[in-house]
Trainee: 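One structure, pasted below without further comment.
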Amino acid sequence: MSPADRLLLRAVGSAGWWTPVLAVVTVAGVAAELALPTALGRAVDAAVGAGPDGSSRQWLITVVGLIAVVVATGAVRDYGTGTATARSVAALRHTLARHIFALDPRTAARRPVGDLVGRLAGQVADAGQAAPTVVLAGTVLLPPLGSLVALTMIDPWLGLTFVVGLLLLGVLLRSFVADASAAVAGYQQAQGDLAGRMVETLAGARTIAAAGTADREVERVLAPVAALRAYGARTWTVLAGAATRGAVLNPLLQLAVVAVGGLSLSAGRLTPGELLAALQYAALGAGLGTVVSTLNKAVRVRAGCRRAADVLDEPVRRHGTRTLPPGPGELELCGVTVRGDDGQALLDRVDLRVPGGALLVVVGASGAGKSLLAAVAGRLRDPDSGQVRLDGVPLPELTATALHTAVGYGFERPVLVGDTVGEAVGCGADPVPVATAAAIHDFVDRLPQRYRTPLADVAMSGGERQRLGLARALRAERLLILDDATSSLDTATEYRVTRTLTAAQDRRTRVVVGHRVGMAARADLVAWVHGGRVRAVAPHRVLWDDPEYRAVFRA
């Protein structure tokens, strides 16, 4: 079974008990629709005295009852379709969102953010219609097959005439499914490409404005529009072609049934009521609107499942079952190698030991591998070979809770998550101590609702945003990793933050990616990274004698 089929079944299951309810009411509605022409024909024959026993009043009551069943089942089906779709969409979006956040960051980065958002918002909405669509697809042939049986029972010649029409219908629908599937899949792919380019461009809007390249970016973002228009036009062309052929086939089939039925009536093989029923069965069985609509939905559901399953098929980052034993936070990198997509070693057999409670500053030229080393140290990225241990425990063996409690990250451009400022600092605990340590408490204290102020209502500078991200990172219990996390701070604020990070009472292990001589001079150890390898590990005063080391800071 393909991943898309498994996701389709999951979507059907997410609708819960509405799936069997929809199946029951749909079958009941179809049965009532199929019984209605016969009951109406019997009522006509009873009224003119041309049919079997039974009063016209009895058959009229039957007709009214069947109409009531059709109306009631239609109402329940419409309500159930909306409810089942909403439940499935919600469940699939939760599943896909959790999976995206569980991906290895390197894996997630291969897909444009806009494309992932498009799949989460658009394609999952299509896939969420799986339950009602499966029910409709399973029952869509009941009206034509039931009509065929009824027409054959009325007059075999009518049944034979109808079979010819059904064969033509089958040929039409086969080509429709193939053409529509290709058009819808291409449209969704182009839509995701367009969304991805748009998100990338919005993220760099200031750079584009400063460089005066807006016109060029507009052309780049809108490049997929040509494919989008072509696939959209192809979709509507396929639908229009099916509708046109159906508009020709349907009346021709009914006309054939009228002609054969008229001959049978004149020959005495049919009663007037049976001819009326035959005409209604011909209209019911030959109606292509429901069939084409159902198949179009099925195509979109299948394409949506395929696009969502494409992401769900990506392996997530696995966590272990261990917790950390008591320890000072000693960090060890043993033979760590990280390769790029082209196979080139970005970190090459790195061995590094950071004593518990020490402050290690990582320095090196641009592109040397400093940020990658910081990412490996806290398991933002797993090495291709080698091992990273915290207090003797390999990081992949830790539970997610143990890892995130022990390790905290601060970044140059942090993304603040949560509804309020307090939630951005994180974890629901008292935010004041860490906010004070990050020199951001005074800023928050001036906000209208302080830590309860909605994050979306706060206008902040890059430095204030950086300090809020730093406050969240300071919740780490054993290992604090800062990747250029003070670059946007003014001199006075940076001094306050640096004093906190270098305080003797802070017993956490601290790994700081930095560029300033002052931070390196305050560190217990400096790791000098060059060309993807750790060239030396020593106190700053020892390394300062090397002119190449001094050149790192001049650069």
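Here the structure is a predicted model, which is why all the values come from computation and not from measurement.
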Trainee: Of the non-hydrogen atoms in Val376 and Leu333, which two are nearest, and what is the gap between them?
Mentor: CG1-CD2, 4.4 Å
Trainee: Flag the pair Leu398 / His319 as yes when at least one side-chain heavy-atom distance between them is below 4.5 Å, and no otherwise.
Mentor: no
Trainee: How about CZ on Arg452, more than 12 heavy atoms from neighbouring residues, nucleotides or ligands closer than 6.0 Å, or not?
Mentor: no
Trainee: Could you pull out the closest heavy-atom pair between Val363 and Gly514, with the gap in Å?
Mentor: CG1-O, 3.8 Å
Trainee: With rounding to the nearest 0.5 Å, note down the distance linking CZ in Arg381 to CG in Leu372.
Mentor: 5.5 Å
Trainee: Quick one: does any side-chain atom of Arg317 pair with a main-chain N or O of Arg379 as donor and acceptor, under 3.5 Å?
Mentor: yes
Trainee: Determine whether Leu525 and Pro355 make a side-chain contact, defined as any pair of heavy atoms from C-beta on separated by less than 4.5 Å.
Mentor: yes
Trainee: Among side-chain atoms of Tyr451 and His441, is any donor-acceptor pair under 3.5 angstrom?
Mentor: yes
Trainee: Would you call the rings of Tyr409 and Phe411 parallel, tilted or perpendicular if under 30° counts as parallel and over 60° as perpendicular?
Mentor: parallel
Trainee: Under 3.5 Å, is there a donor-acceptor pair between the side chain of Thr19 and the main chain of Ala15?
Mentor: no
Trainee: So, Thr509 side chain and Leu479 main chain: donor-acceptor pair closer than 3.5 Å or not?
Mentor: no
Trainee: Taking all atoms of both residues into account, what is the closest heavy-atom pair of Ala84 and Trp18, and its distance?
Mentor: CB-CB, 3.9 Å
Trainee: Can you check whether Glu332's main-chain N or O pairs, donor with acceptor, with Arg389's side chain at less than 3.5 Å?
Mentor: no
Trainee: Is there a side-chain contact between Gln449 and Val421, using heavy atoms and a 4.5 Å cut-off?
Mentor: no
Trainee: Do Leu455 and Thr420 pass the side-chain contact (heavy atoms from CB on, under 4.5 Å) test, and can you show the C-alpha distance, the side-chain angles, and the key distance before you say yes or no?
Mentor: CA-CA 5 Å; Leu455 197 59; Thr420 65; 5.9 Å; no
Trainee: List the steps, then state whether side-chain contact (heavy atoms from CB on, under 4.5 Å) holds for Arg229 with Val225.
Mentor: CA-CA 6 Å; Arg229 181 171 56 246; Val225 168; 3.9 Å; yes
Trainee: Does a side-chain heavy-atom distance below 4.5 Å link Thr95 with Arg10?
Mentor: yes
Trainee: Considering only heavy atoms from C-beta outward, does the side chain of His99 approach that of Val316 to under 4.5 Å?
Mentor: yes
Trainee: Are Lys297 and Asp126 close enough, and set up right, to give a salt bridge (charged side-chain N to carboxylate O under 4.0 Å, His left out), and what steps lead you there?
Mentor: CA-CA 8 Å; Lys297 285 184 180 179; Asp126 290 333; over 6 Å; no
Trainee: State whether the side chain of Arg472 and the backbone N or O of Glu423 hold a donor-acceptor pair below 3.5 Å, judged by distance alone.
Mentor: yes
Trainee: Can any side-chain N or O of Asp384 pair as donor or acceptor with the backbone N or O of Arg339 at less than 3.5 Å?
Mentor: yes
Trainee: For a 4.5 angstrom cut-off between non-hydrogen side-chain atoms, does Thr81 reach Leu136?
Mentor: no
Trainee: Considering all heavy atoms of both residues, which atom of Ala308 and which atom of Leu7 are nearest to each other, and what is their separation?
Mentor: CB-CD2, 3.5 Å
Trainee: So which heavy atom on Ser371 is nearest to which on Asp483, and how close?
Mentor: OG-OD2, 3.0 Å
Trainee: Please answer whether the main-chain N or O of Ser14 pairs with a side-chain N or O of Ser88 as donor and acceptor at a distance below 3.5 Å.
Mentor: no
Trainee: What I want to find out is whether Asp310 reaches Arg119 closely enough, with some N-O distance under 4.0 Å, to be called a salt bridge.
Mentor: yes
Trainee: How many angstroms lie between CG in Leu359 and CE in Met519, if you round to the nearest 0.5 Å?
Mentor: 6.5 Å
Trainee: Pro325 and Val393: which non-hydrogen atoms are nearest, and at how many Å?
Mentor: CD-CG2, 3.6 Å
Trainee: Kindly compute the distance separating CG (Leu482) from CZ (Arg510), expressed to the nearest 0.5 Å.
Mentor: 10.0 Å
Trainee: Taking the side chain from Arg508 and the backbone from Ala476, do they hold a donor-acceptor pair closer than 3.5 Å?
Mentor: yes
Trainee: Please tell me if the side chains of Pro132 and Thr85 come closer than 4.5 Å, counting only heavy atoms from C-beta onward.
Mentor: yes
Trainee: How long is the gap from CG on Leu352 to CG on Leu331, to the nearest 0.5 Å?
Mentor: 6.5 Å
Trainee: Can you tell me how far CD1 of Ile100 sits from CD of Glu314, rounded to the nearest 0.5 angstrom?
Mentor: 10.5 Å
Trainee: What's the separation between atom CG in Leu194 and atom CG in Leu222, rounded to the nearest 0.5 Å?
Mentor: 6.5 Å
Trainee: Would you indicate whether the side-chain heavy atoms of Leu468 and Val425 approach each other to under 4.5 Å?
Mentor: yes
Trainee: Crowded around Tyr231 OH? As in, over 12 foreign heavy atoms under 6.0 Å?
Mentor: no
Trainee: Apply side-chain contact (heavy atoms from CB on, under 4.5 Å) to residues Arg450 and Asp445 and explain how you reach the verdict.
Mentor: CA-CA 5 Å; Arg450 302 180 72 244; Asp445 205 38; 2.6 Å; yes
Trainee: Evaluate the side-chain contact (heavy atoms from CB on, under 4.5 Å) criterion for residues Tyr79 and Val21: first the C-alpha distance (whole Å), next the side-chain angles of each, then the deciding distance (0.1 Å), finally the verdict.
Mentor: CA-CA 11 Å; Tyr79 178 81; Val21 168; over 6 Å; no
